[in-house]
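To keep things clear, I will list the structure first and then write my remarks on it.
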Amino acid sequence: LWYKSSHKIGGLIPTRRAFLRNLVAASAGALALDNGFASLAQTPRRAVTVASKRVKTIDIHAHCNINVSAIVKGTVLERAGGGPNLKDDLGAERLATMDQQGIDVEALSINAFWYAADQDLARKLIDYQNQKLADACAQYPGRFVGFTSVALQFPELAAQQMEDGIKHLGLRGAAIGENVNGEELSSRRFDPFWAKAQELDALVFLHPQSSAEATGISSRVKGPGALSNVIGNPLESTIALSHLIFDSTFDRFPNLKICTAHGGGFLPSYVDRMDHGCTVVPGDCKNLALQMRPSEYIRKMYFDSLVFTAEGLRHLVANTAPSHIMVGTDYPFPWVTDPVGHILNTSSLSDADKTAILGGNASKLLQIPA
Ligand SMILES: [Zn+2]
């Protein structure tokens, strides 16, 4: 039996406490802790080494909540913003999980739920969130960096918010969704944002959201299997990145640094088909003038390591480069129990590759001292 919904550790998304317990159970057993959070808070930090050298590990894909109920109450975002019960989660419980997993630094991001906001509300919300992220980074020195939140529905404002967050609050790059109210990220309207990201040499982290609706597959992914997530999310990323390639965003901004969650979804595993599309269906490629083959654009992109198996990671690295992959945990969602072991146990990677993926790459891209 692979899965039974009444299984005692809970459904597909166990509670946070069950998640932490599972982490402990799944670890090597050196620490016999089984009574939950109180003990976990005292868990020693797992020090990760490669070839006997300590590596500072950096998680590029870590969600966080900031309670914004006072700002969104009575607005179009009231329901999207997590509601009054959403708790800030930048504290001891998160640090305990990081210590257990061997994650030294998390790059925090907030999934964009504010693209329906008007300009006034968007300003207030983003100012508040970015300040809170900066506060958390200051409160736990060396453990967090934060991606700026930006109101991408107003591209000029988003560019300004990213610049302010980086220059005045010490935040790094920006985290964005993979479409904006149905509009592709490759729309020329967003060029001011991409121009600013390139000018600032800022890493932009892409994460899917409401992906079944966003991709139009809602009616096809009903029923069991969490299909709206396991198909929807990688599909949303695939569509967004494909437009950035074929609508020439990467040609207009050749030095963009984009990192996509979940290993980039389906795209890196099947990009070779894109190399052939315009040969087979030339009528669908009129006025197209790409500088490179689609598979070569993939090599310019960055991805997290959330591809589950050593073979998946080997393939992702083969289609990109070891310098373009970074650890992603998806905290607090239990997609992985040992994100560091996933890298260490992938035998196709050299020690230098492992060191780069575990933290070296993110250290360079996010200006985190090694
Ligand atoms: Zn995620």
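Both counts, for ligands and for their atoms, begin at 1 and track the order of listing. Computation of the quantities below employed the complete heavy-atom set of this structure, encompassing side-chain atoms and omitting hydrogens, waters and symmetry-equivalent molecules.
Between His61 and Phe205, the distance separating the two ring centers is shorter than 6.0 angstrom. Aromatic rings from His63 and Tyr331 are positioned such that their centres are separated by 6.0 Å or more.
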Taking only distance into account, with no hydrogens and no angle test, what donor-acceptor pairs under 3.5 Å do side-chain atoms of residues 116-126 form with protein atoms, sequence neighbours excluded?
from: Asp118; atom 1: OD1; to: Asp120; atom 2: N; distance (Å): 3.2
from: Asp118; atom 1: OD1; to: Leu121; atom 2: N; distance (Å): 2.9

Could you pull out all donor-acceptor pairs under 3.5 Å where a side-chain atom in residues 193-203 meets a protein atom, sequence neighbours excluded?
from: Trp194; atom 1: NE1; to: Leu185; atom 2: O; distance (Å): 3.0
from: Lys196; atom 1: NZ; to: Glu163; atom 2: OE1; distance (Å): 2.9
from: Lys196; atom 1: NZ; to: Glu199; atom 2: OE1; distance (Å): 3.4
from: Lys196; atom 1: NZ; to: Glu199; atom 2: OE2; distance (Å): 3.4
from: Gln198; atom 1: OE1; to: Asn255; atom 2: N; distance (Å): 2.8
from: Asp201; atom 1: OD1; to: Lys257; atom 2: NZ; distance (Å): 2.8
from: Asp201; atom 1: OD2; to: Lys257; atom 2: NZ; distance (Å): 3.3

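Here Tyr128 pairs with Ile66, Val68, Ile71, Lys132 under the side-chain contact (heavy atoms from CB on, under 4.5 Å) rule; sequence neighbours left out.
The number of protein N/O/S atoms found under 2.8 Å from the Zn ion (ligand 1) is 4.
Other residues, nucleotides and ligands contribute only 12 or fewer heavy atoms inside 6.0 Å of the NE2 atom of His276.
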